[in-house]
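All values below were derived from every heavy atom in this structure, side-chain atoms included, with hydrogens, water molecules and symmetry-related copies excluded.
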Amino acid sequence: MENDFIYPNSQKVDQVDNYHGIEVKDPYRWLENPDSEETKAWVEAQNQVTFGYLSKISAREKIQQRVTQLWNYEKFGIPFKEGDRYFYFKNDGLQNQSTLYTLFDLDSEPRVLLDPNNLSSDGTVALSGLAVSNDGNLMAYGLSASGSDWQEWQVLDVATGENREDKLKWIKFSGASWTKDDRGFFYSRYDEPNEETKLEDVNYYQKLYYHKLGTSQAEDILIYDRPDEKEWGFSGNVSEDGKYLIISVWRGTDPKNLVFYKDLENPEAEVIELISEFEANYDFVDNDGTIFWFRTDLDAPRGRLIAIDINNPVKENWQEIIPQSNDTLESVGLLNNQFVVDYLKDARSSIKIFALNGEFVREVELPGIGSAGGFDGKREDTETFYIFTSFTTPSTIYRYDLVSGESTIFRQPTVDFNPESYETRQVFYHSKDGTRVPMFITYKKGLILDGNNPTLLYGYGGFNISLTPNFSVSRIVWMEMGGVYAVPNLRGGGEYGEEWHQSGMKLNKQNVFDDFIAAAEWLIENRYTSTRKLAISGGSNGGLLVGACLTQRPDLFAAALPAVGVMDMLRFHKFTIGWAWCSEYGNAEENEDEFQAIYAYSPLHNLKPGTAYPATMITTADHDDRVVPAHSFKFAAALQASHAGEEPVLIRIETKAGHGAGKPTTKMIEETADLFAFLVRVLEMEV
């Protein structure tokens, strides 16, 4: 295949900004407007080049057929119970969206409650949130169109399957929580935005409301807002006993939060500030009367469980129930009058049960090394459900008896591959500054360490998010083609608690890139792969990771796949919810030291003309209102202009799609096939 590319013309404008005395050019500023005729023409021209290139790769169709074949298996969600009804999601295989079912008895025939596939012809309307009333008879649910973060909420009568008249709009970053009497629910919303610019405008001044069933949104009662704090957001949840509204106050993506509460038994009660300093993370677990239990990282970066009596809430009277351990305490639930505690041990799940006084009861025996989630329910429940998955184990649902401690398989999918043909290793390597970093490596058994294995190195490294083992059809296809899949647990994530997170944020962000580069070097040194066979990928903050590493070490990788990445680190805070990431990245405008750190790695600003960069396929979507597509647009234009090598530099722009949530199955399969076909071509793989 010829690589003589004629890239679309990306005109340059004379835009210069001054940051703390340093002038920074921004020649592609015009691409920030996704709706201009110039941008639309540019998008169409770029897609023509990209899809023209992909159409000539003979392996593409074969890959898509195999991905489709493997994808076509039943996928089950974790059942949950409200009132006398169970609810769970299931996808028959190739449905664009999973369907919600309900039933009274787990052994009986389920009934379809809500099928989002019927809401649009192309699967681009997704169910984005739901809350079932305590008696199980009503369900509030949110819908998102084309991947947008904006949601519209409605209320469904569970018995009839019919919608009630209630309709709520301009909701974003919010769930819903019913009052004990099931007459209404709490939710958070923003003021109505400008219709023309709602996908780019910044989101400030969230407000917490109560919606009474059968009334219009205009009649909703404002519970709490802070006109003096534009960045504050509010998550309102009713305690299981129905007596309190617990309000978690968040500010951006910083895990530190405040906790307020309101006595729901007293109509005149004011909102009380229980925790009024942004000094740590507090997750409300449950309460016993006026005793509130919280999972917190205050004075415990790996997490602990504490009790606060709201009648005497001074810190000296707080009680520690479960102290910090060597493992990272992710979450706590209260079931069978015991605490069910989810730990991460070197980035893999460990579930332990404790008595209410903090005494250890037992560890849940998991099926292997992997990730477990679920364990939800009510305080008196003696059964619960959890999901278990690993790199080679499709998500299997287990029923867990909280009295006997026994797990039984509830739903196990059948996927057309042999898991015994693959193996996963966890290795530890040292980063540039000597920090020990874990990495999972999965591959087909019998792998020969001769440096010739095509390897996909995937990373994230930010926002306190942990990368744990999980199953993906696309990765199985990759390994069937002889590929190695590697996932390092970079700093910036939550694998080892808040210290690990903070060592990869703001002025420490370079540590994340160093960790990723060191992972690549380790794989090469240990003969898993070589530079000419190594590809890197990541999405969102992981797209930033890939962008930064390909600009810092273009010699180390053969291919790069940055998806929906944050590429313009000087202007990310000017769009939609981007301001919220300043707690993670810093703010180049307001702080000179943060500008210096950001400017040193910002992918858009560190491209050097005349450099041979790795083969690159940037992916984004025209409706992404989380990381607006301008990041990828501007980076693609600048990379094409700077690139001096023969390898392709392409951008694939999905239409009617957003940041990734709710993306239809058809679009995910097509994108996977395109990415792998690209890698087959540039890594010279035999398929």
Chemist: Looking only at side-chain N and O atoms, does T468 offer a donor or acceptor that is under 3.5 Å from a partner on S371?
Modeler: yes
Chemist: Taking the ring centre of each residue, are F463 and Y585 less than 6.0 Å apart?
Modeler: yes
Chemist: Kindly write out the residues that satisfy side chain to side chain contact (heavy atoms under 4.5 Å, CB included) with E231, not counting sequence neighbours, or none if the list is empty.
Modeler: Y204, R251, W579
Chemist: Under a 3.5 Å cutoff, is there a donor and acceptor pairing between the side chains of H211 and E219?
Modeler: no
Chemist: For E589 and H573, test the side chains for any donor-to-acceptor distance below 3.5 angstrom and give the result as yes or no.
Modeler: yes
Chemist: Can we call the ring centroids of F260 and Y224 under 6.0 Å apart?
Modeler: yes
Chemist: Between Y261 and F292, does the ring centroid distance fall short of 6.0 Å?
Modeler: yes
Chemist: If you look only at distance, which donor and acceptor atoms sit under 3.5 Å apart when one is on a side chain in residues 306-314 and the other is two or more places apart or in another chain?
Modeler:
from, atom 1, to, atom 2, distance (Å)
D309, OD1, T290, OG1, 3.1
D309, OD1, N311, N, 2.9
N312, OD1, N317, ND2, 3.0

Chemist: Would you check if I78 and F375 make a side-chain contact, meaning some heavy-atom pair closer than 4.5 Å?
Modeler: no
Chemist: Which of these, N237, N257, N281, sits in a side chain to side chain donor-acceptor pair (under 3.5 Å) with S248?
Modeler: N257
Chemist: Is a donor from one side chain sitting under 3.5 angstrom from an acceptor on the other, for R491 and N508?
Modeler: no
Chemist: Could you tell me which residues satisfy side chain to side chain contact (heavy atoms under 4.5 Å, CB included) with R571, sequence neighbours excluded, listed by chain and number?
Modeler: Y19, D26, R29, E32, D568, K574, F575, K634
Chemist: Taking the ring centre of each residue, are F278 and W250 less than 6.0 Å apart?
Modeler: no
Chemist: Would you please name every residue forming a side chain to side chain contact (heavy atoms under 4.5 Å, CB included) with D299, sequence neighbours left out?
Modeler: R304
Chemist: Within the 3.5 Å criterion, strictly below it, is a donor on W500 or E498 matched to an acceptor on the partner's side chain?
Modeler: no
Chemist: Report yes if the distance between the aromatic ring centroids of Y400 and F385 is under 6.0 Å, otherwise no.
Modeler: no
Chemist: Taking the inter-plane angle between the rings of F339 and W293 on a 0 to 90° scale, is it parallel (under 30°), tilted (30 to 60°) or perpendicular (over 60°)?
Modeler: perpendicular
Chemist: Do the ring centers of W170 and Y190 come within less than 6.0 Å of each other?
Modeler: no
Chemist: Taking K315 as the fixed residue, which of E279, E277, E320 is the one that meets the salt bridge (charged side-chain N to carboxylate O under 4.0 Å, His left out) rule?
Modeler: E279
Chemist: Taking the six-membered ring of Y343, is NZ or CZ of K352 closer than 6.0 Å to its centre and within 45° of its axis?
Modeler: yes
Chemist: Do the side chain of N357 and the main chain of E359 share a donor and acceptor less than 3.5 angstrom apart?
Modeler: yes
Chemist: With a 3.5 Å distance limit and no angle check, can you tell me whether T328 reaches the backbone of R302 through a side-chain donor-acceptor pair?
Modeler: no
Chemist: Indicate the atoms forming the closest heavy-atom contact of A140 with A176, along with that distance.
Modeler: CB-CB, 4.5 Å
Chemist: For a quick test of reading the model, state the closest non-hydrogen atom pair linking S120 to V125 and the distance between them.
Modeler: OG-N, 3.3 Å
Chemist: Compare all side-chain heavy atoms of L274 with those of F294 and state whether any distance is below 4.5 angstrom.
Modeler: yes
Chemist: Nearest heavy-atom pair of D593 and L507: which atoms, and what distance?
Modeler: O-CD2, 3.6 Å
Chemist: Could you name each residue pair satisfying salt bridge (Lys or Arg N to Asp or Glu O under 4.0 Å) that touches residues 174-188, not counting sequence neighbours?
Modeler: none
Chemist: Under a plain distance cut-off of 3.5 Å, with no hydrogens placed, do S407 and Y386 share a side-chain donor-acceptor pair?
Modeler: yes
Chemist: Taking the side chain as C-beta and beyond, is there a heavy-atom pair between V155 and E165 under 4.5 Å?
Modeler: no
Chemist: Could you tell me if D115 and N117 have a donor-acceptor pair between their side chains, going purely by distance under 3.5 Å?
Modeler: yes
Chemist: May I ask you to check whether R189 and Y187 show a side-chain donor-acceptor distance below 3.5 Å?
Modeler: no
Chemist: Considering residues at least two apart in sequence or located in another chain, which fulfil the side-chain hydrogen bond (donor to acceptor under 3.5 Å, both in side chains) criterion with E192?
Modeler: none
Chemist: Judged by modelled atom types alone, do S350 and E363 share a side-chain donor-acceptor pair under 3.5 Å?
Modeler: yes
Chemist: V341 pairs by side chain to side chain contact (heavy atoms under 4.5 Å, CB included) with which of V332, V364, V285, I353?
Modeler: V332
